[in-house]
J.: 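Let me give you the structure first, and then I'll get to my questions.
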Amino acid sequence: MRVATWNVNGLRARLDFVLHWLRDRRPDVVGLQELKLADEQFPHEVFAQEGYRAAVHGQKSWNGVAVLSREEAAVTRRGLPGEEEFGARLLTVDVGGISFTTVYAPNGKSIEHADYPRKLRWLESLRAHFDSAHDPSGPVVLCGDFNVVPRPIDGWNEELHAGLIFHSEDERRRYRAVLDWGFSDLFREFYPDERKFSWWDYRGGAFHLKRGLRIDFLLGAQAVVKRLKSVEIDREYRKKKAGLTASDHAPVIADIE
DNA sequence: ATGTCACCTATTAGGTGA
């Protein structure tokens, strides 16, 4: 089973690009973030023509998450309990024998902004939700855009950014608490020390200058890690394709037995 | 060069969020 996560930065603007990627990479289950559309605007019929069903938790203009799957998926949760007013940011389905959750964590904007303590609380709520709703001994995947740089190696310039948004110890501690529920970062299972990124700012030629961050993760419980065959950050799809504009995030893909 | 992009409302231009 091929699973993936991708912040598409607007599904209406990215639809043709996403279809190009689906035909090329042929994933079985995909968590999408930043749909930036309401549920009724989701193009179900376009994905159906490609062989994918979609479970959607959207909202007008901003945020929004979905799960595409070849097999039928049963939605078990829409929205992070207690945090629904912070936007449509969590969706869980049962599909192909696994519990698959995709999230779009709050950005936080800056450590001085009012969104920052709300971001910290959102991450605490995410851990608490897994404590109450999921079993760490089961086949569980949690993926998405976490908007946290876990360690200095996951960013292009820790000296410049240490203590700032995405790089603060308070964010890192709460992200680690999510991992400590029973998850492994699947990318790090294969590449413990590599400096690879999943997001590059659109501005200033950041992609070309290799100035990125690794903030998009596929996390798996041990039952998933045991079946893991490969993991890659699909940076080819951070580049323009066939004249289409890319998201500022690359997909992350894993193959599971 | 905060040099881009996507969304909105809406006086095809400016504001917001990332």
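Throughout, a chain's letter reflects where its sequence line sits, starting with A, and its residues are numbered from 1.
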J.: Output yes when Asp255(A) and Arg2(A) qualify as a salt bridge under the 4.0 Å nitrogen-oxygen rule, no when they do not.
T.: yes
J.: dA18(B), dC8(B), dA6(B): which one has an atom nearest the side-chain heavy atoms of Asn9(A)?
T.: dA6(B)
J.: In whole Å, I'd like the distance from the CD atom of Gln59(A) to the P atom of dC7(B).
T.: 13 Å
J.: Starting at atom OH of Tyr202(A), determine the distance to atom P of dA6(B), rounded to an integer number of angstrom.
T.: 5 Å
J.: Map Asn147(A) and Gly205(A) onto DNA chain B by nearest heavy atom, then report which one ends up closer to the 5' terminus.
T.: Gly205(A)
J.: On the nucleotide dG17(B), are OP1 or OP2 found under 4.0 Å from the side-chain N or O atoms that Lys109(A) carries?
T.: no
J.: Is the shortest distance from a Lys or Arg side-chain nitrogen in Glu169(A) or Arg176(A) to a carboxylate oxygen in the other one below 4.0 Å?
T.: yes
J.: Less than 4.0 Å between a side-chain N and a carboxylate O, is that true for Asp185(A) and Arg214(A)?
T.: yes
J.: If only side-chain N and O atoms count, and only distance matters, is there a donor-acceptor pair under 3.5 Å linking Asp234(A) with Trp21(A)?
T.: yes
J.: For atom P, what is the distance between dT2(B) and dC8(B), given to the nearest Å?
T.: 28 Å
J.: In whole angstrom, what separates Leu244(A)'s CG from dT4(B)'s P?
T.: 19 Å
J.: Is the shortest side-chain N/O distance from Lys60(A) to OP1 or OP2 of dA6(B) below 4.0 Å?
T.: no
J.: Separation of Asn63(A) atom CG from dT16(B) atom P, in whole Å?
T.: 17 Å
J.: In this structure, how many angstroms lie between the P atom of dT16(B) and the CH2 atom of Trp62(A), rounded?
T.: 11 Å
J.: Atom CZ of Arg14(A) to atom P of dT4(B): distance rounded to whole Å?
T.: 15 Å
J.: Starting from C1' on dA18(B), measure out to CZ on Arg211(A) and report it in whole angstrom.
T.: 19 Å
J.: Counting only N and O atoms by type, is there a donor-acceptor contact under 3.5 Å from the side chain of Tyr104(A) to the main-chain atoms of Leu35(A)?
T.: no
J.: Please state how far atom CG in Leu164(A) lies from atom P in dA18(B), giving the value in whole angstrom units.
T.: 17 Å
J.: Could you check Trp199(A) against Gln41(A) and say which one's nearest nucleotide on DNA chain B is further toward the 5' end?
T.: Gln41(A)
J.: Please pick, from dC5(B), dA6(B), dT9(B), the nucleotide with the shortest atom-to-atom distance to any side-chain atom of Lys36(A).
T.: dA6(B)
J.: Look at the side chain of Tyr104(A) and decide which nucleotide, out of dA18(B), dA6(B), dC5(B), has an atom nearest to it.
T.: dA18(B)
J.: Could you give the distance separating dT11(B) and dC5(B) at their C1' atoms, to the nearest angstrom?
T.: 24 Å
J.: For dA18(B) versus dT12(B), give the span between their C1' atoms, rounded off to a whole number of Å.
T.: 24 Å
J.: Checking contacts here: which listed nucleotide (dC8(B), dA6(B), dA18(B)) is nearest the side-chain heavy atoms of Ser61(A)?
T.: dC8(B)
J.: Between dA10(B) and dT16(B), how far apart are the P atoms? Round to whole Å, please.
T.: 14 Å
J.: Which of these nucleotides, dC5(B), dC7(B), dT4(B), is closest to any side-chain atom of Arg203(A)?
T.: dT4(B)
J.: Could you check whether Lys119(A) pairs with Asp170(A) (Lys NZ or Arg NE/NH1/NH2 to Asp/Glu carboxylate O, under 4.0 Å)?
T.: no
J.: Which listed nucleotide (dC5(B), dA18(B), dC7(B)) is nearest to the side chain of Arg12(A)?
T.: dC7(B)
